[in-house]
There are 2 protein chains.
Amino acid sequence: MLHTTRQRLISTAMQLFHEKGYTSTSVADLLKAADVSSGSLYNFFPGKRELLLAVLEVYRNRMRETLLDPAWRGVSDPIEKIFRLLETYREMLVETDGIYACPVGSLALELHAPDPTIRDQLGAYFTAWTDAIHGCLIEAGSRLRVSVDRLGLAEFVLTTMEGAVMQARTFRDVGYFDRAVDHLRNYFDLLLYDRAALPAHVRQALPGR
Amino acid sequence: MLHTTRQRLISTAMQLFHEKGYTSTSVADLLKAADVSSGSLYNFFPGKRELLLAVLEVYRNRMRETLLDPAWRGVSDPIEKIFRLLETYREMLVETDGIYACPVGSLALELHAPDPTIRDQLGAYFTAWTDAIHGCLIEAGSRLRVSVDRLGLAEFVLTTMEGAVMQARTFRDVGYFDRAVDHLRNYFDLLLYDRAALPAHVRQALPGR
DNA sequence: GTCTATAAAAGGATAGAC
DNA sequence: GTCTATCCTTTTATAGAC
């Protein structure tokens, strides 16, 4: 199932679009890397654009099993899950010498005027990512101050990740990523009711759950 | 001075590289938009790459007068300056229907494997931007808790801006930008020693100065 | 410095045999 | 489904007259 020509084209495209970008990856590049002939590609896809759509669909549909499940294996604390996910991106940066981390983010900024279908796919990916974080924040329940907009905060986690990746990539230095995550962690610490850590009299002064 | 062919080429390239991206802007596009003939372009620049370098140099060298000075006109409070700058990016998003905001950030993610010279220019721009914010944070002095790493926080402002622009652009919705800035503002409020303005429960939970 | 014409290569996509 | 050969367009860049 994983070795069909179609699958090989998609996984090759995932790799090359991430490494070189969509525009800088030529059809010839794809054919050579996937060891597929021109006729085969156009047998499965109307063109390069539709191959990109297939790639984006895979990223979104398999986010749970390829990204979230591995990152969250053995982790139950919902806040910790959030920072484990960011740690996953950090590892991607380190493994690729500070170059690759979020393939969809790169594509989103590369494609300046994508058609609505492409944009919908990019947006759907971001929304799915944010929803996963949102789930963690809901799970955190009363540990998070009631006044905090949970969906907005989930978006802010994505904001931090994407902005941090951009800088780390530009400088080829994961330190930029780390310092951004440090500040996000600090922000979370300030937002969390870690009631047990507070002195009893302060704890009692806090508003109810 | 501003009307030489060379200047016209650079300003046209600034515009097109921002709107369409570097790769998707062809030399023919540039020639047509700048109303310049091929021979003239190659008289001033060895090629398209060097034109990009000239563009990046302008962005960096004129950051103060074209970006910071207008944003900070009439503003003296250093923390307010930071959020005025972000407001400038918001306005760019609104004026372009959520498409354009930070030209250098877009280029940084579009160019996956730029040569060292290009990367240096991109990094230098980010550094100059961050330095400006860093200056505000230093100016804020004791209002900011001493434990806060000011340079890291300045980078975090850039992180937020770039990540927020990416999402706003993808969704063509400035709301994504606004919510990110709201959280950054909230974070700043928690970091600032304007204790009287803090919510009571936070005030109580904070360590003594 | 600027012009037109054009080279030389790379781009996406197609045709038609197997 | 896959193959080779090829079409047509666009690309960056150059040549040489003015």
Side-chain angles (χ1 to χ4, degrees), chain A residues 1-58 106-107 110-119 121, chain B residues 1-58 106-107 110-115 117-118 121:
Chain A
M1 267 305 189
L2 288 169
H3 304 92
T4 68
T5 301
R6 193 190 138 88
Q7 286 294 335
R8 205 161 69 252
L9 275 167
I10 292 179
S11 67
T12 302
M14 289 176 81
Q15 191 179 335
L16 291 187
F17 289 167
H18 193 188
E19 288 176 11
K20 308 179 41 147
Y22 173 76
T23 313
S24 297
T25 299
S26 70
V27 172
D29 291 336
L30 289 163
L31 298 178
K32 188 178 174 186
D35 194 28
V36 159
S37 64
S38 172
S40 293
L41 190 154
Y42 288 98
N43 175 58
F44 292 110
F45 303 97
K48 186 182 167 188
R49 170 183 171 277
E50 287 72 22
L51 179 53
L52 171 62
L53 277 173
V55 163
L56 292 175
E57 201 179 355
V58 169
S106 302
L107 289 168
E110 178 192 347
L111 306 171
H112 286 241
D115 58 67
T117 309
I118 302 270
R119 263 194 25 227
Q121 284 285 341
Chain B
M1 266 305 189
L2 287 169
H3 305 90
T4 68
T5 302
R6 192 191 139 90
Q7 287 293 335
R8 205 161 69 251
L9 275 168
I10 292 179
S11 67
T12 303
M14 289 176 82
Q15 192 179 335
L16 291 187
F17 289 167
H18 194 189
E19 288 175 10
K20 310 179 40 151
Y22 174 76
T23 314
S24 297
T25 298
S26 70
V27 173
D29 291 335
L30 289 163
L31 299 178
K32 188 177 174 186
D35 195 27
V36 159
S37 63
S38 171
S40 293
L41 190 154
Y42 288 98
N43 175 59
F44 292 110
F45 303 97
K48 186 182 167 188
R49 169 184 173 277
E50 288 73 20
L51 180 53
L52 171 62
L53 277 173
V55 163
L56 292 176
E57 201 180 355
V58 169
S106 302
L107 288 168
E110 178 192 346
L111 306 171
H112 287 240
D115 58 67
T117 309
I118 302 270
Q121 283 285 342

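These numbers come from a predicted model, not from an experiment.
Between S24(A) and G39(A), the residue anchored nearer the 5' end of DNA chain C, judged by the nucleotide with its closest heavy atom, is S24(A). Along DNA chain C, the nucleotide closest to P46(A) and the one closest to D29(A) are compared, and the more 5′ of them pairs with D29(A).
Here dA10(C) presents its P atom at 16 Å from CG of L31(A), a figure rounded to the nearest Å. Per the geometry, CG belonging to L41(A) stands 15 Å off P belonging to dA15(C), to the nearest Å. The CD-C1' distance, from E50(A) to dA13(C), rounds to 12 Å in whole Å. A straight line from CZ of R49(A) to C1' of dA13(C) spans 15 Å, rounded to a whole angstrom. One atom, CG of L30(A), and another, P of dT2(D), lie 16 Å apart when rounded to the nearest Å. Between the NZ atom of K20(A) and the C1' atom of dG11(C) there is a distance of 12 Å, rounded to whole Å. Taking atom NZ on K48(A) and atom C1' on dA10(C), their separation rounds to 12 Å, with Å as the unit. At whole-Å resolution of the value, NZ in K32(B) and C1' in dT10(D) are 14 Å apart.
In this structure, T12(A) and L30(A) approach most closely via the heavy-atom pair CG2-O, 4.1 Å. Between K48(B) and T23(B), the shortest heavy-atom contact is NZ-O, 3.7 Å.
Of the listed nucleotides (dC3(C), dT14(D), dA13(C)), dC3(C) has the atom at the smallest distance from the side chain of S40(B). Side-chain proximity of S26(A) to dG12(C), dT11(D), dT4(D): nearest is dG12(C). Set against dT14(C), dT2(C), dT12(D), the side chain of V27(B) has dT12(D) as its closest nucleotide. Listed nucleotides: dC3(D), dA13(D), dT14(C). Nearest to the side chain of S38(A): dT14(C). Minimum atom distance to the side chain of N43(A) is reached by dG1(D), of the listed dT12(D), dG1(D), dT2(C).
Within the 4.0 Å cut-off from OP1 or OP2 of dT14(C), not a single side-chain nitrogen or oxygen of Y42(A) is found. At dT2(C), none of the side-chain N or O atoms of S37(B) fall inside 4.0 Å of OP1 or OP2 (strictly under the cut-off).
Shown here is D115(B), whose CG atom has more than 12 heavy atoms of other residues, nucleotides or ligands within 6.0 Å.
S106(A) has its side chain within reach of H112(B): a pair of non-hydrogen atoms, C-beta onward, lies under 4.5 Å apart.
No hydrogens or angles considered: a donor-acceptor pair under 3.5 Å links the side chains of D29(B) and S26(B).
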